[in-house]
There are 2 protein chains.
Amino acid sequence: MDRGREVKMDHSREGSDIEIEGSFGGNTEDKEFSSLREPLLRNRKNNTSQIAIVGANVCPIESLDYEIVENELFKQDWRSRKKVEICQYIFLKWTFALLIGLGTGLVGFFNNLAVENIAGFKLLLTNSLMLKDKYYLAFALYAGCNLILAIAAAVLCAYVAPAAAGSGIPEVKAYLNGVDAPSILAPTTLFVKIFGSIFGVAAGFVVGKEGPMVHTGACIASLLGQGGSRKYHLTWKWLRYFKNDRDRRDLVTCGAAAGVAAAFRAPVGGVLFALEEAASWWRSALLWRTFFTTAVVAVVLRGFIEFCRTGECGLFGQGGLIMFDVSSAKATYNTADLLAVVFLGVLGGILGSFYNYCIDKVLRTYSIINERGPSFKILLVIIISFLTSCCSYGLPWLAPCIPCPTHLSEICPTEGRSGNYKNFQCPPNYYNDLASLFFNTNDDAIRNLLTSSTEKKFKLAPLLVFFVATYGLGIITYGIAIPSGLFIPVILAGASYGRLVGNLLGPLSSLDVALFALLGAASFLGGTMRMTVSLCVILLELTNDLLMLPLMMLVLLISKTVADCFNRGVYDQIVKLKGLPYMEAHAEPYMRNLVASDVVSGPLIAFSGVERVGNILHALKITGHNGFPVIDEPPFTEAPELCGLVLRSHLLVLLKEKKFTKERGMTGSGILSMFKAHDFAKAGSGKGVKLEDLEFSEEDMEMYVDLHPITNTSPYTVVETMSLAKAAVLFRELGLRHLCVVPKTPGRPPIVGILTRHDFVPEHILGLYPHMKPHK
Amino acid sequence: MDRGREVKMDHSREGSDIEIEGSFGGNTEDKEFSSLREPLLRNRKNNTSQIAIVGANVCPIESLDYEIVENELFKQDWRSRKKVEICQYIFLKWTFALLIGLGTGLVGFFNNLAVENIAGFKLLLTNSLMLKDKYYLAFALYAGCNLILAIAAAVLCAYVAPAAAGSGIPEVKAYLNGVDAPSILAPTTLFVKIFGSIFGVAAGFVVGKEGPMVHTGACIASLLGQGGSRKYHLTWKWLRYFKNDRDRRDLVTCGAAAGVAAAFRAPVGGVLFALEEAASWWRSALLWRTFFTTAVVAVVLRGFIEFCRTGECGLFGQGGLIMFDVSSAKATYNTADLLAVVFLGVLGGILGSFYNYCIDKVLRTYSIINERGPSFKILLVIIISFLTSCCSYGLPWLAPCIPCPTHLSEICPTEGRSGNYKNFQCPPNYYNDLASLFFNTNDDAIRNLLTSSTEKKFKLAPLLVFFVATYGLGIITYGIAIPSGLFIPVILAGASYGRLVGNLLGPLSSLDVALFALLGAASFLGGTMRMTVSLCVILLELTNDLLMLPLMMLVLLISKTVADCFNRGVYDQIVKLKGLPYMEAHAEPYMRNLVASDVVSGPLIAFSGVERVGNILHALKITGHNGFPVIDEPPFTEAPELCGLVLRSHLLVLLKEKKFTKERGMTGSGILSMFKAHDFAKAGSGKGVKLEDLEFSEEDMEMYVDLHPITNTSPYTVVETMSLAKAAVLFRELGLRHLCVVPKTPGRPPIVGILTRHDFVPEHILGLYPHMKPHK
């Protein structure tokens with residue numbers, strides 16, 4: 001465990017003197033993680049030198065820094081800050097919350113409007129051909145429409161913004177944990193997410209628009225927090241307050257909550273989702289702001305839906321945003337019902353964990369195909385689209401035609417696009433049971449599954465066929481290059497097996513099959529996503545029936561408990577699969593048997609308080625480190641002491657201005673008067689000063705620069721003998737990017753190393769200490 | 001700012017040599033805070049020596065420690081811990097959650113049953129006398145019953161457990177923040193809280209049982225976590241896992257949530273209450289466990305209520321736990337209604353902040369009376385009880401008799417105890433409008449206020465009289481020596497002015513007055529308690545009407561925003577008034593202008609790694625410190641270095657066993673083999689080893705003891721130049737009790753001082769630096 005704790009502090013004139021080989025400890029997370037690199041991580045102990053030096057520009061994943069950098073510039077700025085500026089800041093925070101709410105609400109409504117109109121038009125057209133008995137032509141039209149829409153979504157995803165594929169919730173979750181995946185919140189991603197989601201859902205895939213809505217909300221929030229655009233001269237002085245990771249994190253949290261609120265029209269559920277699933281960091285004031293944002297979303301949606309009641313929204317009718325109504329089914333229950341609910345919970349847990357297992361396998365397979373290039377991505381989408389079209393058009397032919405029941409409130413067979421009594425291939429006054437599930441939008445299918453038994457009775461076989469089809473299609477659809485939410489597929493499959501169980505247990509239970517369908521959806525959601533309170537509230541807000549609360553809680557608790565025995569939640573799994581270094585809230589037990597110095601590895605690159613420009617440039621060039629310790633040495637101090645930590649981004653800004661001196665002396669006051677704190681504020685992703693853009697003469701290289709004004713003089717430190725578990729708690733709770741490890745005994749160099757996010761990743765630790773057992 | 005940063009490390013043989021005068025910095029919070037000591041705090045800079053040495057036993061308030069003490073004993077224990085022990089621990093956590101749910105549910109039901117029966121019997125008896133026109137006798141009986149019940153509650157509170165008075169929510173909130181007020185979670189407090197609350201509510205006071213239920217839940221949870229009783233031989237080996245502040249905090253969080261769930265039958269609301277208002281610290285796994293606890297409560301309550309439907313619960317009928325039903329009133333609204341809602345929100349904000357202001361003034365006045373002794377407390381209760389009886393019996397006489405309307409679903413005038421058409425003094429077939437509000441239990445009064453306009457129309461004057469009376473009585477009742485919740489008084493006053501506004505705006509608005517009453521209650525709750533999401537969910541669960549959600553959110557946001565302009569939430573105010581050193585989640589702006597060494601003051605008492613017993617005893621005797629730095633010195637090390645931090649409680653356990661040596665040498669291994677980690681586990685409050693119980697001979701005093709095995713070798717440290725704001729964030733986020741401040745430059749003594757909770761209290765800081773502006 002004594003793998004070189006030496007500190008590199010040789011400030012000789014030759015820059016080449018700084019050794020870097022295999023410098024893996026310290027702050028190198030930027031060049032370590034990319035998608036699906038787990039095997040790499042596992043082997044890193046053996047071949048560290050092989051991938052150590054890859055240059056500073058290969059930065060697929062960046063860590064976020066929630067620490068306030070207390071350098072002299074910040075302190076100067078803080079002292080001069082006026083009260084009116086603080087008021088501006090608070091005002092802006094609330095304005096942004098309002099704007100996020102408005103934006104997400106608007107997008108949510110637009111999304112639904114577009115999907116309902118496109119999919120509705122497609123279904124009506126197909127239907128009209130079927131009424132004329134042109135079945136093959138109808139299929140060609142149906143599959144063709146689906147294919148065109150699917151290709152449109154896939155092209156956008158494959159060529160414009162690959163980051164927009166998938167749900168987006170895992171990436172948002174990782175972002176709020178402190179991991180910034182490449183261009184995950186970029187404007188192009190937002191654009192593709194919105195339109196890709198519309199095309200994908202309209203193409204009839206078994207995907208939802210809920211995950212993408214969360215991602216959309218987060219993107220909108222992040223764009224607002226970017227502080228305008230210098231390119232288009234859209235900057236505003238006030239916005240500089242938000243140019244830091246802390247405030248952006250708060251905005252993105254609001255955005256994620258707004259997304260759920262817009263997707264399900266569930267404002268309280270949105271807040272709880274952000275709290276339980278998305279956010280790693282939370283405080284009471286943020287709860288309030290998030291609540292405000294989702295309230296705005298609710299008001300916006302309500303306004304638009306009121307407007308659509310006048311009939312000006314085309315085919316946007318009952319679909320999409322309207323809540324599922326199960327109030328016609330009375331919720332009184334007895335002990336036998338409770339047993340049925342327990343059974344549903346267990347079933348949901350097993351099916352859910354198996355679903356996660358399959359998704360994992362499929363994603364690993366698809367990633368091989370998708371890595372081959374955009375054309376392969378599109379090909380995969382085409383195959384899945386054709387398969388989906390075959391299922392949704394072909395499978396209803398298996399069902400027999402059923403004569404229409406009399407005394408219905410609904411028209412039978414259904415006229416128009418939605419409805420529960422689709423005529424399909426049947427003669428007049430007959431309907432096809434399966435077509436009302438398959439040959440519909442996903443939202444309408446859910447609504448039909450939640451219809452009370454007094455309104456509609458499903459037979460067993462159609463439910464079974466539909467369950468198997470949606471379960472399978474849901475698994476193979478997630479991971480193709482379109483924006484795809486997981487909520488709707490899970491609710492579809494869950495509601496169908498719930499109704500199936502309800503039909504089977506009908507004679508024993510007094511519960512309505514619609515409630516069984518709802519509880520089935522809850523159990524499957526609990527089994528895959530492993531949320532509890534937020535799912536419960538979302539489902540209650542969706543169905544507007546609070547009397548179901550105790551049963552819902554029960555089924556969610558059971559399914560989550562059962563599923564947790566087998567594997568992790570689907571979002572956690574995807575985060576892990578994508579290789580994002582997510583920090584868990586709790587430390588693993590084996591981390592208590594290790595101390596901080598066990599995982600930190602040297603030699604470390606440190607700067608002197610007044611450093612030669614050449615040395616700095618060389619260090620920046622040959623490493624990907626984002627933070628460097630600054631050490632004050634004689635003659636400025638009596639003995640070497642840790643001055644603090646300086647960030648790469650700040651160094652680049654400082655170097656760019658070329659405020660150098662010939663002599664090695666403290667010139668900090670000159671720098672202080674030249675810069676303002678916001679010159680060093682974090683730019684939007686990819687917008688900061690780049691090392692390649694800097695050019696220096698030979699003369700410059702030999703000059704000195706005083707790093708004190710930009711050095712964070714009080715970074716968080718831990719002593720080298722602190723257990724890794726304790727250090728991990730500190731790192732995670734405070735949202736750090738760098739954690740300095742200092743020596744226990746005096747007389748040694750003042751810093752042992754720097755811990756970063758990647759040093760806490762289990763794969764890394766177990767790579768160094770393979771004898772450690774992952775579960776104690 | 002240079003107030004002695006010297007470290008006291010003179011380990012001379014004479015114990016008397018250790019200087020203590022005015023040792024206020026460091027870890028002295030235990031002897032600093034007691035109720036209403038703000039003025040004292042403000043003057044402390046001037047007369048520190050006056051109150052510095054008060055001995056170790058005057059410990060009204062103790063801080064809690066959520067840090068894992070990583071000493072050698074702990075490490076030894078951790079390494080030897082088997083997998084089965086971890087499973088036991090997890091199993092126990094869930095068992096405790098179940099038990100807390102069962103216990104709180106049971107108490108909640110029992111509480112309601114008792115109140116409904118006692119109050120119902122009282123009302124029926126009075127009513128029967130009134131029907132015989134014996135009005136004076138009826139009043140004597142009514143006031144007498146109230147008085148007896150009030151005195152019973154007051155005697156319990158004044159003599160048995162003074163900590164049971166009041167709501168209890170502020171104390172639970174402080175506990176979860178890390179402040180253990182004296183005997184706040186003791187068994188006697190639990191007993192008095194349950195019965196005091198029953199008597200108090202049954203005595204007709206304008207108090208609720210909701211706050212006390214939260215406190216009850218927390219007490220039950222804390223008792224479970226105490227690990228049995230050695231006195232009664234009720235110990236269980238497994239329970240030792242819970243003998244620490246961290247696990248107790250989790251249990252108490254579950255308990256607080258269970259309390260709200262039991263009080264309002266709102267399981268989701270309970271979880272959110274614990275999250276938004278009570279807890280200072282949270283993680284996702286705890287959310288799940290809390291959710292389970294409240295689900296158990298909901299199931300228990302439902303079971304009992306089902307049982308009571310058979311009529312075996314006496315007068316327990318519609319009262320107490322049944323939800324308020326406003327579903328008969330349709331929730332459709334237009335722009336005019338929104339304006340009315342905004343008006344209600346603003347009004348609620350103003351009335352709420354004024355309510356808080358009055359409560360603060362009244363509490364300060366009452367504390368002068370209450371401090372005089374138990375008899376004065378009881379006298380105050382008697383006066384308020386008589387006043388309340390006069391109001392509730394006298395004021396209805398002001399109202400005219402109204403002839404009963406025809407075509408009602410209810411019987412008019414009401415037979416039995418509850419109901420909306422109380423006959424009171426009126427002739428047959430007439431009813432008294434005010435009596436249905438005043439001459440009823442509080443729960444029934446709320447139900448009557450929430451009756452739809454189609455069922456019952458209130459006149460303006462009665463509503464106004466009732467509003468003024470409950471607003472005033474609510475203010476003067478809180479603070480007397482009975483368990484008193486604030487929810488019900490606030491809902492009563494809020495619903496009455498809401499209905500009043502609804503009546504006034506009737507012609508302009510399409511909303512039902514029942515909904516106005518509900519929104520009024522929401523606005524007043526928002527204005528006093530300043531919660532948002534949790535109140536919203538609690539009210540939705542109470543009324544079972546999700547369509548009100550957008551309006552409810554709007555009114556809560558407005559009332560909270562308006563009220564926040566004037567003062568703080570009522571619970572925060574009471575926490576402050578009680579002098580509990582609550583750590584806010586955010587640091588005050590002026591803390592950024594100070595550094596850690598500015599508030600930490602010396603000289604500090606430190607121990608050597610191997611210390612003379614006499615020195616330790618002397619230090620323990622003359623200070624109230626709870627943590628002492630341990631410094632390794634030559635000859636054991638080359639230079640003085642910080643070994644770690646040792647806790648007073650651990651020192652006492654170590655000293656008790658008298659494992660001393662004549663020579664000054666490392667004897668840690670002997671100690672390690674003698675003790676187990678759980679010997680040092682935190683005992684229940686007041687149960688640990690006490691300094692007075694230890695006796696040592698002269699010989700013992702001259703011997704040495706090795707402190708290494710019990711020294712936490714990796715306490716969290718900050719450098720002396722770190723801003724106080726940053727240190728405060730670290731302190732609060734990690735739930736610390738001691739935070740070591742280390743010097744920036746090497747060569748100085750290895751520790752500057754210790755920061756404790758009290759060093760971050762604004763009054764302390766502003767006492768030291770009066771020129772700092774509290775806001776900015």
Side-chain angles (χ1 to χ4, degrees), chain A residues 68 70 78-79 83 86 267-268 271-272 275-276 282-285 287-288 291-292 295 298-299 302 532-533 536-537 540-541 544 546-547 549-550 553-554 557 560 585-586 589 592-593 637-641 713-714 716-719 721-723 725-726 729-730 733-734 744-747 750 776, chain B residues 68 70 78-79 81 83 86 267-268 271-272 275-276 282-285 287-288 291-292 295 298-299 302 532-533 536-537 540-541 544 546-547 549-550 553-554 557 560 585-586 589 592-593 637-641 713-714 716-719 721-723 726 729-730 733-734 744-747 750 776:
Chain A
I68 291 179
E70 287 193 331
W78 179 264
R79 279 191 294 268
K83 197 166 182 185
I86 293 171
V268 178
V271 173
L272 286 175
L275 172 65
E276 187 178 1
W282 197 263
R283 64 169 193 278
S284 194
L287 191 72
W288 187 27
F291 191 57
F292 173 68
V299 168
R302 198 175 184 285
T532 50
V533 190
C536 189
V537 173
L540 289 178
E541 288 191 295
N544 193 24
L546 270 168
L547 296 171
L549 182 63
M553 290 174 93
L554 190 67
L557 282 168
K560 178 175 157 69
H586 61 276
R592 268 203 199 284
N593 300 329
T637 57
E638 280 178 32
E641 64 176 76
T713 51
S714 49
Y716 289 107
T717 57
V718 296
V719 72
T721 54
M722 184 182 278
S723 80
K726 212 165 161 180
V729 169
L730 172 68
E733 294 280 321
L734 298 182
K744 177 96 180 166
T745 47
K776 161 78 194 189
Chain B
I68 291 179
E70 287 193 330
W78 180 264
R79 279 191 295 265
R81 196 172 284 188
K83 197 165 181 185
I86 292 172
V268 178
V271 173
L272 286 175
L275 172 65
E276 187 178 2
W282 198 264
R283 65 168 193 278
S284 193
L287 191 72
W288 187 28
F291 191 58
F292 173 68
V299 169
R302 199 175 184 284
T532 50
V533 189
C536 189
V537 173
L540 288 177
E541 289 191 296
N544 193 23
L546 270 168
L547 296 171
L549 182 62
M553 290 174 93
L554 190 67
L557 282 167
K560 178 174 157 69
H586 61 278
R592 273 210 192 279
N593 300 329
T637 57
E638 279 177 32
E641 65 176 74
T713 52
S714 50
Y716 288 107
T717 57
V718 295
V719 72
T721 54
M722 184 180 278
S723 81
K726 212 166 160 179
V729 169
L730 172 67
E733 294 280 320
L734 298 182
K744 177 96 180 165
T745 48
K776 159 74 197 188

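What you are looking at is a predicted structure, and each value in this text was computed from that prediction instead of being measured. Atoms considered below: every heavy atom in the structure, side chains included; atoms not considered: hydrogens, waters and symmetry mates.
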Would you mind telling me which of [options] has the largest number of heavy-atom pairs within less than 4.5 Å of chain A?
options	value
B/L730, B/T637, B/T717	B/L730
B/E733, B/M722, B/R592	B/R592
B/V299, B/L272, B/V271	B/L272
B/L554, B/T721, B/V533	B/V533

Checklist entry - Once you round to the nearest 0.5 Å, how far does CD1 of A/I68 lie from OG of B/S723? => result 7.5 Å
Item to check | Pi-cation contact, B/Y716 with A/K726 (under 6.0 Å, within 45°) | outcome: yes
Checklist entry - Going by atom types alone, do B/T745 and A/E641 pair a side-chain donor with an acceptor below 3.5 Å? => result no
Next on the checklist: Using modelled atom types and a 3.5 Å cut-off, is there a donor and acceptor pairing between side-chain atoms of A/E276 and backbone atoms of A/T532?
Outcome noted: yes
Next on the checklist: Counting heavy-atom pairs under 4.5 Å with chain B, which one of A/V268, A/V718, A/L287, A/V719 comes out on top?
Outcome noted: A/L287
Checklist entry - What's the shortest heavy-atom distance between B/P589 and A/W78, and which atoms? => result O-CZ2, 3.5 Å
